[in-house]
Each structure stands twice: as C-alpha cells, then as structure tokens.
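Predicted, not measured: the structure shown is a model, and the values here were computed from it. For this chain, numbers begin at 1 and follow the sequence in order.
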Amino acid sequence: MTSPRFLQLLHRAGWEFWLPLPLVAALFELAGNFMAASVLIRPYDSVGKLQSESQMGVNLPVTILTINAAIDRNRGMTTISIRTTNSTLTKPTYEVPATHASQIEIAIAQQLDMRVEQIRKLISYRIVD
C-alpha cells in the first residue's frame, strides 16, 4: 500500500522533470569537454607574426590646458612648457630656435600636430632677460 502513495508523492514533486535532469547534465558535461578538447588540441597558425624590432607610437588622448613660452632673446631660443590635464605625465618642455611669436606658434603647432589658431588660444609669452 505504500507504493501507490509513494508514486503519488513522486508525481506531485514532478519526477518526470527531476529524474532525467542528472542524465541531461552529464551529457552536456561530456559534450562540452569533448568540444573543448578538440578545439584546444587543434594547431593554430598565426597570421600576423610578432614584430619586436619595430617601435609603435602611443597616442594618449591628453587635453592641453596652457602653453607657456619663455623667450630668451640673448640666446635666440624659446623654452616652451606645456600643462596638460593628465597629471601623471611629465610636463613636456621644448626648445625652439625662434624669438618671434608667429615662428614659435608654427613650431609648436608642428610639434603637437595642432592648428596654429588652437595654439594662439592656449599660449602665453614671457620674456626672459
């Protein structure tokens, strides 16, 4: 008499779903392991070889806040220091062999790959004795 009651309990618990579940999980495990092993064993030819001798330039997106130019007319040189938003980078400094504002702006624009109009908005000049 306990058998029909046990079957009723199993039927209420949904044994049609729960009984084959471990079998389905084991099949997925075996199929996944087989596919992973077949993919990992396969040899791969790399299309692009690693080139260690060439240097690649890294362009970091940095916003320039100010450009300070210290003009030394005795030496005929201008020292340029640039302040950027990225404080972790060192403050870049350049020396330009020019003392006229237009020549300095053109040299900075070429060095920073910017337009001269942008440089004029950011630069401030100081004459050093």
Side-chain angles (χ1 to χ4, degrees):
M1 289 264 174
T2 60
S3 232
R5 187 176 162 134
F6 180 69
L7 288 176
Q8 286 177 353
L9 184 63
L10 282 178
H11 185 65
R12 269 191 260 149
W15 67 275
E16 297 91 1
F17 173 75
W18 293 107
L19 191 60
L21 193 60
L23 180 63
V24 171
L27 287 175
F28 273 110
E29 177 75 23
L30 289 173
N33 284 339
F34 174 74
M35 288 189 332
S38 66
V39 168
L40 292 175
I41 290 173
R42 188 179 332 158
Y44 289 99
D45 294 332
S46 84
V47 176
K49 304 289 184 205
L50 179 63
Q51 298 176 359
S52 63
E53 293 182 15
S54 66
Q55 293 182 356
M56 299 181 70
V58 176
N59 292 332
L60 297 174
V62 174
T63 304
I64 296 175
L65 296 175
T66 60
I67 300 173
N68 297 321
I71 300 172
D72 188 357
R73 290 191 177 155
N74 294 334
R75 288 183 27 211
M77 299 289 285
T78 302
T79 305
I80 300 159
S81 62
I82 300 171
R83 198 174 113 213
T84 62
T85 55
N86 193 349
S87 63
T88 58
L89 294 177
T90 59
K91 201 178 212 183
T93 57
Y94 302 103
E95 282 201 352
V96 177
T99 57
H100 295 288
S102 60
Q103 294 172 343
I104 295 168
E105 292 165 357
I106 291 171
I108 295 170
Q110 289 174 350
Q111 184 72 29
L112 298 178
D113 196 25
M114 294 174 67
R115 294 192 324 260
V116 177
E117 293 82 22
Q118 292 173 318
I119 301 297
R120 284 187 184 134
K121 292 178 185 176
L122 298 171
I123 197 164
S124 63
Y125 296 99
R126 181 174 50 108
I127 298 175
V128 178
D129 290 331

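The hydrophobic clustering, which links ILVMFWY residues whose side-chain heavy atoms are closer than 4.5 Å, places Ile80 and Tyr125 together.
Arg83 is linked by a salt bridge (Lys or Arg N to Asp or Glu O under 4.0 Å) to nothing, counting only residues two or more places apart in sequence or in another chain. Residues satisfying the side-chain contact (heavy atoms from CB on, under 4.5 Å) criterion with Leu23, sequence neighbours excluded, are absent altogether. Ser38 is linked by a side chain to side chain donor-acceptor pair (under 3.5 Å) to nothing, counting only residues two or more places apart in sequence or in another chain. Every residue meeting the side-chain contact (heavy atoms from CB on, under 4.5 Å) condition with Met114, not counting sequence neighbours, appears here in chain and number order: Ile64, Leu112, Gln118, Ile119, Leu122. In this structure, the side-chain contact (heavy atoms from CB on, under 4.5 Å) partners of Ala98, at least two apart in sequence or on a different chain, are Val96, Gln103, Ile104. In terms of the salt bridge (Lys or Arg N to Asp or Glu O under 4.0 Å) criterion, Glu29 has no residue partners (sequence neighbours excluded). Here Asp72 pairs with nothing under the side chain to side chain donor-acceptor pair (under 3.5 Å) rule; sequence neighbours left out. With sequence neighbours excluded, no residue satisfies salt bridge (Lys or Arg N to Asp or Glu O under 4.0 Å) with Arg73.
Results of the side chain to side chain contact (heavy atoms under 4.5 Å, CB included) test with Tyr94 over Ile108, Ile82, Thr79 single out Ile82 as the only residue that passes.
Contacts classified as side chain to side chain donor-acceptor pair (under 3.5 Å) and involving residues 106-115 (residues at least two apart or in different chains) are not found. Sequence neighbours left out, the pairs with a member in residues 101-110 that pass salt bridge (charged side-chain N to carboxylate O under 4.0 Å, His left out) are Glu105-Arg120.
One distance of note links OG1 of Thr99 with CG of Asn74; it measures 10.5 Å at 0.5 Å rounding. In this structure, CD1 in Ile127 is found 5.5 Å from CD1 in Ile71, a value given to the nearest 0.5 Å.
Summarising the hydrophobic clusters (Ile, Leu, Val, Met, Phe, Trp, Tyr; side-chain heavy atoms under 4.5 Å, direct or chained), the residues clustered with Ile106 are Val116. Cluster partners of Val24, using a side-chain heavy-atom cutoff of under 4.5 Å among ILVMFWY residues and allowing indirect links, are Phe28.
Summarising the geometry of Thr93 relative to Ser81, their closest heavy-atom pair is CG2-CB, 3.9 Å, with the distance given to 0.1 Å.
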